[in-house]
2 protein chains.
Amino acid sequence: MDNSKTAVTRNRLLEAAKEVFAKAGVNGATTKEIARVAGVNEVTLFRHFQSKEQLLSAVVQQFTAMQAEALAHQEEWTQDLRDDLRHYALLYNAMLEEHEALIRTFIGEARRHPEAARRIIYETTQPLREKLITYLSNSQKRGVVRQGVDLRAAVDIFTGMLLGGMLRRSASPIPLGYSSESYLETSVDLFVSGISTIKSRLEHEEAQHNI
Amino acid sequence: MDNSKTAVTRNRLLEAAKEVFAKAGVNGATTKEIARVAGVNEVTLFRHFQSKEQLLSAVVQQFTAMQAEALAHQEEWTQDLRDDLRHYALLYNAMLEEHEALIRTFIGEARRHPEAARRIIYETTQPLREKLITYLSNSQKRGVVRQGVDLRAAVDIFTGMLLGGMLRRSASPIPLGYSSESYLETSVDLFVSGISTIKSRLEHEEAQHNI
DNA sequence: TTCGTATGCAAGTACTTACTTGCATTATAA
DNA sequence: TTATAATGCAAGTAAGTACTTGCATACGAA
């Protein structure tokens with residue numbers, strides 16, 4: 001009973017809230033509109049969530065759980081640094097673009113809802129983040145990644161590039177002078193070249209030359 | 001007459017609006033609060049700006065003008081790629097941190113106010129951006145920056161790293177595993193190493209070794 | 001001094017918002 | 001069938017919101 005009826009309504013409300021918060025922002029979102037999108041009466045919303053604020057934190061909870069789940073299944077490393085990071089970049093960028101509007105809302109609301117911001121930044125990306133750090137650390141031991149680089153910072157720099165690119169791209173319909181693909185490819189290229197040992201950079205350029 | 005009296009009040013209103021928009025977001029900001037912060041009557045606000053929306057666009061206008069001005073005076077290139085980019089990074093990062101709250105507001109509002117977003121992204125950074133592209137292009141001719149890199153994308157990637165870092169840092173009071181300084185230094189290091197020719201990377205490492 | 005302009009103040013308008021109450025209806029489980 | 005729980009519906013409350021109007025006051029320029 002807790003399943004079918006109640007849970008369905010609750011999930012519809014959560015989905016609708018996510019959508020309306022993304023479109024209108026936290027302040028701009030109204031419980032009336034959320035209920036309308038969910039296809040339920042506004043009163044029902046308040047029977048499920050005691051306030052708009054609590055609805056927001058439920059949305060955050062569900063979103064972080066979903067994203068952590070979605071990003072957790074990244075296990076296949078080819079041990080080719082460039083390929084692996086490109087794969088990671090594509091995955092991460094797709095996630096950013098899919099949830100662009102909601103991410104914007106949360107960035108804007110971060111100071112007013114620091115706990116929500118913390119959860120979104122950490123709980124969603126932490127597992128994958130740790131894996132990447134371990135991966136780079138191993139690459140360091142293999143002599144592919146150079147010494148003396150703060151790997152924790154490096155990983156966040158990598159994702160920061162992608163986030164920054166998404167924010168610029170989607171903010172305005174103005175030509176940036178490069179394509180979205182070029183931004184991604186250049187991000188991977190610069191990062192890999194920058195973090196590699198000279199030896200492995202030389203090997204890469206040689207391989208490129210032989211093609 | 002257009003100067004002293006009216007202009008002073010207008011500027012106080014613009015400053016107050018900037019502050020309140022930054023703190024409360026566009027939707028959360030009330031004309032009553034803006035007037036209070038400015039120290040004028042709410043009616044006076046509407047005598048200067050016909051609507052809250054127009055006040056917002058005036059704030060955007062003033063902000064872009066100020067920032068473009070502040071960032072325009074970057075002329076001294078030492079021709080050492082690393083030093084120059086570090087200098088640029090510090091300048092840009094200081095600007096990001098100073099206006100963190102307002103930047104968050106605008107990022108969150110970008111879809112609802114695309115024209116404002118466009119102006120902030122473009123008009124504030126365009127001049128410096130072009131200068132950096134020219135600079136990197138010259139470095140390319142000098143053999144310091146390698147060929148085959150999309151320089152326009154590269155410049156935005158560089159600023160994207162810094163923006164991403166600021167957004168992560170200030171969103172939450174949680175330890176990231178590295179310091180703000182390390183993030184900046186690693187950003188510069190990775191970018192410079194990544195965009196340099198192998199030759200100039202070798203020279204740099206040699207110089208480091210001799211210290 | 002006089003005149004025009006900028007501002008303050010009190011009140012009001014029309015609308016929206018989060019949230020509540022009471023009761024009727026439906027569906028489900030025992 | 002009957003009791004229980006979830007939902008819909010109509011209405012309402014209390015507070016806030018952007019924005020307006022009318023009038024009084026102060027101040028600077030001519």
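Small disclaimer: the values here were computed from a predicted structure and weren't measured. Lettering follows sequence order; numbering is per chain, from 1.
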- Message: For DNA chain C, which residues of residues 10-27 of chain A approach it to below 4.0 angstrom with any heavy atom?
- Response: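 Per residue number, the list is empty: none.
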- Query: Under 4.0 angstrom, heavy atoms only, what part of the nucleic acid is B:Ala35 near: base, sugar-phosphate, or nothing?
  - Reply: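 Touches nothing.
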- Looking only at side-chain N and O atoms, does B:Thr6 come under 4.0 Å of OP1 or OP2 in C:dT5?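 No.
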- Between atom CD in A:Glu33 and atom C1' in C:dA18, what is the gap in whole Å?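 So the CD-C1' distance, A:Glu33 to C:dA18, works out to 15 Å.
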- Take the protein atom CZ of A:Phe49 and the nucleotide atom P of D:dT7, then report the distance between them rounded to whole Å.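 For the pair A:Phe49 CZ and D:dT7 P, the rounded distance is 11 Å.
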Which residues pass the ring-ring contact (aromatic ring centres under 6.0 Å, His included) test with [X], sequence neighbours left out?
X: B:Phe46; result: none
X: B:His99; result: B:Phe63
X: A:Tyr183; result: A:Tyr178

- Task: Could you pull out the closest heavy-atom pair between B:Ala22 and B:Leu102, with the gap in Å?
- Result: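 Between these two residues, the closest heavy atoms are CB-N, 3.7 Å.
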- Task: List in numerical order all residues of residues 38-48 of chain B for which some heavy atom is under 4.0 Å away from an atom belonging to DNA chain D.
- Result: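 The answer is B:Glu42, B:Val43, B:Phe46, B:Arg47.
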- Message: Quick check on contacts: within residues 51-58 of chain A, what sits under 4.0 Å from DNA chain D by heavy-atom distance?
- Response: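 Output list: empty, so none.
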- Item | Which residues share a side-chain hydrogen bond (donor to acceptor under 3.5 Å, both in side chains) with A:Arg86, sequence neighbours left out |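 For A:Arg86, the residues satisfying side-chain hydrogen bond (donor to acceptor under 3.5 Å, both in side chains) (neighbours in sequence not counted) are A:Asp83, A:Glu185.
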- Message: Which residues pass the side-chain hydrogen bond (donor to acceptor under 3.5 Å, both in side chains) test with B:Arg146, not counting sequence neighbours?
- Response: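 Result, side-chain hydrogen bond (donor to acceptor under 3.5 Å, both in side chains) vs B:Arg146: A:Asp189, A:Ser193.
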- Message: Pairing donors with acceptors under 3.5 angstrom, does anything connect the side chains of B:Arg168 and A:Thr159?
- Response: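 Yes.
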- Item | A:Lys23 atom NZ, over 12 foreign heavy atoms within 6.0 Å |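 At most 12 heavy atoms, drawn from other residues, nucleotides or ligands, come within 6.0 Å of this atom.
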- For DNA chain D, the dot-bracket notation using Watson-Crick and G-U wobble pairs below 3.5 Å, [ ] for pseudoknot-type crossings and | for other-strand pairs, is ||||||||||||||||||||||||||||||
- If a pair satisfies ring-ring contact (aromatic ring centres under 6.0 Å, His included) and one of its residues is in residues 126-147 of chain B, list it, with sequence neighbours excluded.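 Listed by first then second residue: B:Trp77-B:Tyr135.
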- Do NZ/NE/NH1/NH2 and the carboxylate oxygens of B:Glu100 and B:Arg169 come within less than 4.0 Å?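 Salt bridge absent between B:Glu100 and B:Arg169.
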- Query: Hey, is A:Arg119 close enough to A:Glu115 for a salt bridge, meaning N to O under 4.0 Å?
  - Reply: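 The answer is no: the pair does not qualify as a salt bridge.
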- A:Ala171: partners by side chain to side chain contact (heavy atoms under 4.5 Å, CB included), with sequence neighbours left out: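 If we apply the side chain to side chain contact (heavy atoms under 4.5 Å, CB included) test to A:Ala171, skipping adjacent residues, the hits are A:Arg104, B:Ala110, B:Ala117, B:Ile121.
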- Determine which pairs satisfy salt bridge (Lys or Arg N to Asp or Glu O under 4.0 Å) with at least one residue from residues 46-73 of chain B, sequence neighbours left out, and list them in order.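 For residues 46-73 of chain B: none.
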